[in-house]
Amino acid sequence: MQQFLAFLLSSAIAATSACTIPTGPPLSNNITQGFSLRLQNASYPDIHNHFLNIWDWGGGDQHLFVSPAGNSTSELQLIDGVITLPWDPPRRAVINGEYEPLDNTTKMFMTERGDPRAVWDVAYGCDPDTDALQTELAFKARGDELGGLMGVRPFNGMYDFRWKGPGTSVNDPNRPWVHVTLVVVYPGATA
Ligand SMILES: *[C@@H]1O[C@H](CO)[C@@H](O)[C@H](O)[C@H]1NC(C)=O
Ligand SMILES: *[C@@H]1O[C@H](CO)[C@@H](O)[C@H](O)[C@H]1NC(C)=O
Ligand SMILES: *[C@@H]1O[C@H](CO)[C@@H](O)[C@H](O)[C@H]1NC(C)=O
Ligand SMILES: *[C@@H]1O[C@H](CO)[C@@H](O)[C@H](O)[C@H]1NC(C)=O
């Protein structure tokens with residue numbers, strides 16, 4: 001009985017401690033102040049609170065990996081909902097590589113070429129560890145195709161970024177895909 005009461009009490013605390021999401025118009029899908037992207041999925045310590053890193057893959061492309069693989073960046077911008085490195089020419093995050101039928105996923109990477117772009121909305125959320133208000137990228141579309149989810153998947157001892165199409169019924173138990181939340185972090189901000 002005591003345990004049950006304690007459970008009720010802790011659920012009540014958990015329910016009331018969710019951070020307050022500001023109301024108002026939708027957030028702009030342009031963020032011109034440079035940022036990093038922190039990943040969240042508290043069930044996966046190898047991924048949770050790690051960062052999206054870039055890797056010079058040749059030919060002007062930057063491939064994307066979960067830190068510590070690759071180089072960290074705080075130069076990212078969001079332009080019309082597209083994650084962009086403001087280089088000359090700009091590199092944009094697209095979804096078009098290495099389609100994998102086993103789990104119906106397609107790789108996200110950054111390029112100057114015109115592949116279908118990964119498009120995001122901007123939304124508030126609550127940090128699952130600290131309950132602080134945070135700004136998140138919410139996946140919206142691959143080019144003109146609405147929906148799906150962004151996650152990461154094991155790749156040569158690292159993790160790369162993979163989009164799973166809407167309505168996907170398959171998963172590869174040998175290479176489990178993990179959904180991640182992407183959190184916008186400005187340089188100098190504490191995690
Ligand atoms: C976002 O930025 C782009 C590029 O500068 C601009 O064309 C577009 O109008 C902006 N959108 C909004 C909603 O401010
Ligand atoms: C990291 O950045 C350095 C300096 O630009 C570059 O020489 C190196 O190739 C990059 N490493 C990766 C993994 O992209
Ligand atoms: C793969 O994703 C597409 C949407 O991009 C969906 O139409 C299709 O049913 C999915 N296939 C499987 C096997 O889950
Ligand atoms: C963590 O990943 C698993 C597997 O993809 C998923 O079922 C779960 O919803 C994810 N949790 C969050 C908070 O994204």
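First listed ligand is number 1; within each ligand, the first listed atom is number 1. Not measured: the values here are computed from a predicted model.
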Checklist entry - Backbone, side chain, both or neither: what part of Asn104 comes under 4.0 angstrom of ligand 3, heavy atoms only? => result side chain

Checklist entry - Should Asn71 and Asp56 be marked as a side chain to side chain donor-acceptor pair (under 3.5 Å) after you check the CA-CA gap, both sets of side-chain angles, and the distance that decides it? => result CA-CA 9 Å; Asn71 283 330; Asp56 185 349; over 6 Å; no

Next on the checklist: Considering both backbone and side-chain atoms of Asn30, is one of its nitrogen or oxygen atoms within less than 3.5 Å of a nitrogen or oxygen in ligand 1?
Outcome noted: yes

Checklist entry - Under 3.5 Å, side chain of Arg175 to main-chain N/O of Pro154, donor-acceptor pair present? => result yes

Checklist entry - If you draw the axis of the six-membered ring of Trp57, does the NZ or CZ of Lys107 fall within 45° of it and under 6.0 Å from the ring centre? => result yes

Checklist entry - Do Tyr124 and Leu133 touch side chain to side chain, with heavy atoms closer than 4.5 Å? => result yes

Checklist entry - Can you list the atoms of ligand 3 that are under 4.0 Å from a heavy atom of Thr168? => result 1 (C), 2 (O), 14 (O)

Which N or O atoms of ligand 4 sit under 3.5 Å from a protein N or O, and how far apart is each pair?
| from | atom 1 | to | atom 2 | distance (Å) |
| --- | --- | --- | --- | --- |
| ligand 4 | 2 (O) | Asn41 | ND2 | 2.4 |
| ligand 4 | 5 (O) | His179 | N | 3.0 |
| ligand 4 | 11 (N) | Asn41 | ND2 | 3.1 |
| ligand 4 | 14 (O) | His179 | ND1 | 2.8 |

Next on the checklist: Counting only nitrogen or oxygen atoms and a 3.5 angstrom limit, does Ser169 reach ligand 3?
Outcome noted: yes

Checklist entry - In Å, rounded to the nearest 0.5 Å, how long is the span from CZ of Arg162 to CG of Asn104? => result 10.5 Å

Next on the checklist: Salt bridge or not between Asp103 and Arg153? Use side-chain N to carboxylate O under 4.0 Å.
Outcome noted: yes

Item to check | Atom pair CD (Gln134) and OG1 (Thr181), whose distance is rounded to the nearest 0.5 Å | outcome: 7.5 Å

Checklist outcome for this item: Per-atom filter on ligand 3: closer than 4.0 angstrom to a heavy atom of Trp163 are 5 (O)

Next on the checklist: Against ligand 3, does Tyr99 come closer than 4.0 Å with any heavy atom?
Outcome noted: no

Checklist entry - Does any N or O in the side chain of Glu112 come within less than 3.5 Å of the main-chain N or O of Arg91, such that one atom is a donor and the other an acceptor? => result no

Item to check | Pair Phe161 and Phe65, ring centroids less than 6.0 Å apart | outcome: no

Next on the checklist: Can you tell me which portion of Pro166 lies within the under-4.0 Å heavy-atom range of ligand 3? Options are side chain, backbone, both, or neither.
Outcome noted: both

